[in-house]
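Here's the structure we're looking at; comments come further down.
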Amino acid sequence: MASSSFNAGDCSARPEQRFTGESGSIKERGSLPPSYDHTHRKLKPRHIQFIGIGGTIGTALFVSIGRGLMQGGPASLFIAFTLWCTVILGVTNSMSEMVTYLPISSPFIRFAGRFVDDAFGFAAGYNFFVFEAALVPFEVVACNVIVRYWTDEIHVGIVIAVILICYAIINIFGVSWYGESEFWLALGKVILILGLIAFTFVTMLGGNPLKDRYGFRYWRDPGPFAENIKTGDLGRFLGFLACLIQASFTIAGPDYVSMAAGEAENPRVVLPRAFKAVFYRLTFFFVMGSLAVGIVVPYNDPVMAAAFKDGKPGAAASPYVVAMDRLQIRALPHIVNALVLTSAFSAGNSFVYCASRSLYGLALEGKAPRILAQCTKNGVPVYSVAVVLAIALLSFLQLSNSAAVVLQWFVNLVTASQLINFSVMTFTFIKFKKGLEAQGISRESLPHKGFLQPFCAWYSFTATTLMCFVSGYTVFLPGNWDIPTFLFSYLMIAVVPVLFIGWKIIHKTRWRRPEEIDLLQDKDEIDQYERDYFPPPPRNEFMKYWDRILG
């Protein structure tokens with residue numbers, strides 16, 4: 001691990017000039033690029049740590065994970081989630097090296113254009129924007145479904161409107177508002193997942209009103225593996241595959257930390273720690289969470305199956321709530337539902353932030369209208385935020401469609417986009433590493449060096465690319481053909497190449513050779529910030545405590 005700071009010339013292959021644009025023209029180093037970033041670095045270390053949690057953990061880990069359990073059984077679910085965590089760890093390991101070197105706004109979107117091909121960055125940027133923007137109405141609708149767990153008296157439109165207004169307030173008045181909100185909301189998620197894991201451990205040992213010491217009973221009866229679609233070994237394999245697809249949608253990681261890079265205080269010190277923390281979150285939250293789910297309920301539980309079939313609201317379909325009801329624990333389901341509500345709200349809040357910053361990054365690179373790059377005096381790209389909130393109005397589709405149908409639309413659409421996004425990240429790193437080698441830049445000089453590279457990048461690139469095509473395979477099975485499902489599952493796989501080819505033809509972009517990759521753009525500004533950085537004092541002793549613990 002190299003030092004977290006280095007001089008401006010450490011990574012300079014051309015000490016006096018750098019390439020910009022497609023024409024090969026040059027600019028004097030030290031001048032501001034035309035895409036100068038006007039956001040403010042106001043996110044503290046504790047904000048960055050919890051932003052990663054806030055975007056990573058949504059309702060899927062607490063509720064819809066039960067669907068994967070029913071399809072594959074507890075062993076398949078646990079193995080699939082553990083395996084996919086290694087894939088995301090490889091993505092994280094790749095992103096951490098690039099983003100800590102150049103912690104700019106929308107980093108991996110802009111790196112895709114700078115290190116690979118300008119058209120590649122265009123396609124990658126809009127894929128990620130669609131992914132994040134589509135998830136906003138997904139979480140808004142999820143919030144409304146969760147509220148229905150308690151009452152149907154509140155009109156759907158009122159719930160949606162209140163949530164969207166809250167998102168607007170948090171994301172328009174300054175990035176510190178977003179950082180603080182995510183800190184406290186994500187803290188609720190941590191409490192929830194830790195509480196549910198503790199609930200599993202205590203109750204399985206007999207700490208419940210029924211004094212039922214059930215242990216790993218459900219791994220023995222009905223068994224560790226469930227059959228899905230087919231019978232026998234093939235059915236069990238298809239059950240595992242269903243769990244792997246569930247994991248590919250549920251588990252995220254480095255993208256949310258990366259998107260905050262351009263607004264993080266002292267990023268070359270803070271971000272390596274945040275990326276390392278992704279490993280512990282993946283291991284504990286998702287691996288332990290998938291194990292716990294398979295312990296508390298059997299995969300053939302009729303109550304859980306009925307809850308999913310009938311589209312019961314909120315946490316009613318959660319395996320944990322099903323277990324609490326079976327064990328006659330009355331108050332906990334309401335507490336779980338309340339924390340799941342904050343979890344869904346937090347995830348939607350993160351998606352508004354990431355979608356707006358991805359659109360802002362595209363505008364900085366000239367791939368979106370320039371007005372979207374304009375910021376308020378507080379450093380907020382207000383027009384980009386407004387576009388995302390306008391897309392979030394799709395949540396009102398629920399007024400004329402069932403919540404389950406609307407939710408499934410968005411789930412099917414964004415699953416492929418997320419996988420494409422991870423493929424883009426890892427492939428971009430492969431090109432970045434080749435650029436360093438071709439230009440004689442030692443990776444030891446970087447502020448953070450990933451491990452087992454480029455093996456990690458190739459492993460994750462292969463896995464995520466293959467999963468893009470596998471995720472919607474059930475539509476091709478006999479009797480399962482459905483045009484809307486096919487389009488939502490594979491639409492982005494077709495759209496991304498069209499975006500790439502279209503931009504390439506119109507703008508005549510070139511695939512960058514390793515020796516042509518610009519590794520210096522924006523570096524001077526970041527180096528200067530690092531030299532001038534002085535940590536601001538905490539507001540009070542309470543915040544001083546949190547900053548010390550999480551910094």
Side-chain angles (χ1 to χ4, degrees), residues 55-56 80 83-99 106-132 134-135 241 244-259 275 278 282 354 358 361-362 367 412-435 450 452-473 488-501 503-504 511-512 517:
T56 301
L83 179 62
W84 196 253
C85 278
T86 66
V87 175
I88 302 304
L89 180 59
V91 178
T92 303
N93 191 37
S94 302
M95 282 305 304
S96 62
E97 191 166 316
M98 294 188 293
V99 174
S106 305
F108 55 86
I109 293 173
R110 299 165 73 184
F111 293 162
R114 294 183 189 183
F115 302 162
V116 184
D117 186 312
D118 207 45
F120 190 70
F122 175 78
Y126 277 99
N127 172 72
F128 184 71
F129 170 71
V130 168
F131 165 57
E132 295 292 325
L135 281 173
L241 191 57
L244 195 61
I245 294 170
Q246 173 86 47
S248 71
F249 175 71
T250 304
I251 304 173
D255 31 358
Y256 300 100
V257 175
S258 300
M259 290 304 290
F275 280 114
V278 170
L282 290 174
C354 288
S358 62
L362 288 166
K367 299 180 177 72
N412 290 341
L413 175 64
V414 302
T415 299
S417 292
Q418 175 164 285
L419 294 168
I420 293 169
N421 183 49
F422 290 151
S423 298
V424 166
M425 291 179 182
T426 48
F427 186 75
T428 301
F429 172 80
I430 292 168
K431 292 285 291 183
F432 170 74
K433 185 175 182 294
K434 288 182 178 179
L452 295 178
Q453 292 291 15
F455 169 77
C456 276
W458 279 113
Y459 166 68
S460 296
F461 172 73
T462 303
T464 53
T465 303
L466 287 175
M467 191 56 67
C468 285
F469 297 94
V470 172
S471 60
Y473 82 96
F488 278 114
S489 297
Y490 292 100
L491 179 65
M492 291 308 298
I493 295 176
V495 167
V496 169
V498 170
L499 293 175
F500 172 78
I501 295 170
W503 188 267
K504 194 169 185 64
W511 193 265
R512 300 187 191 278
I517 293 173

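- Of the residues listed (F427, W511, F432), the one engaging F115 in a ring-ring contact (aromatic ring centres under 6.0 Å, His included) is F432, and it is the only one.
- Legend: residues meeting ring-ring contact (aromatic ring centres under 6.0 Å, His included) with F108, ordered by chain and number and at least two apart, are F128.
- Counting only distance, with no hydrogens or angles, the side chain of D118 and the backbone of G113 share no donor-acceptor pair below 3.5 Å.
- Proximity of M467 to W84: side-chain heavy atoms (C-beta onward) are separated by under 4.5 Å at one or more points.
- When all heavy atoms are compared, the tightest approach of N93 to G450 is OD1-CA, 3.1 Å.
- Annotation: the span from F455 atom CZ to S460 atom OG amounts to 8.5 Å, rounded to 0.5 Å.
- Summarising the geometry, atom CZ belonging to F422 is positioned 11.5 Å from atom OG belonging to S417; distances are rounded to the nearest 0.5 Å.
- The distance from atom SG of C468 to atom CD of Q418, rounded to the nearest 0.5 Å, is 10.0 Å.
- Between the S248 side chain and the I245 main chain, a donor and an acceptor come within less than 3.5 Å of each other.
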Evaluation steps, side-chain contact (heavy atoms from CB on, under 4.5 Å), between F111 and V99: CA-CA 9 Å; F111 293 162; V99 174; 4.2 Å; yes
Derivation and outcome, side-chain hydrogen bond (donor to acceptor under 3.5 Å, both in side chains), residues S94 and Q453: CA-CA 8 Å; S94 302; Q453 292 291 15; 3.3 Å; yes
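- In this structure the side chain of F120 reaches within 4.5 angstrom of the side chain of T428, judged on heavy atoms.
- A distance of 9.5 Å separates NZ of K367 from OH of Y126, quoted to the nearest 0.5 Å.
- For the atom pair CG of L83 and CD1 of I88, the computed distance is 10.5 Å after rounding to the nearest 0.5 Å.
- Checking side-chain atoms of T426 against main-chain N and O of S423 turns up a donor-acceptor pair under 3.5 Å.
- Rounded to the nearest 0.5 Å, atoms OH (Y490) and OH (Y473) are 10.0 Å apart.
- At a threshold of 4.5 Å between non-hydrogen side-chain atoms, the residues F275 and S258 count as touching.
- Between L241 and V470 the shortest side-chain heavy-atom distance falls below 4.5 Å.
- Counting only residues at least two apart or on different chains, the salt bridge (Lys or Arg N to Asp or Glu O under 4.0 Å) pairs with a member in residues 85-97 are E97-R443.
- You'll find the side chain of I251 reaches within 4.5 Å of the side chain of C85, heavy atoms only.
- No donor-acceptor distance shorter than 3.5 angstrom exists from the side chain of K504 to the backbone of D117, with no hydrogens or angles considered.
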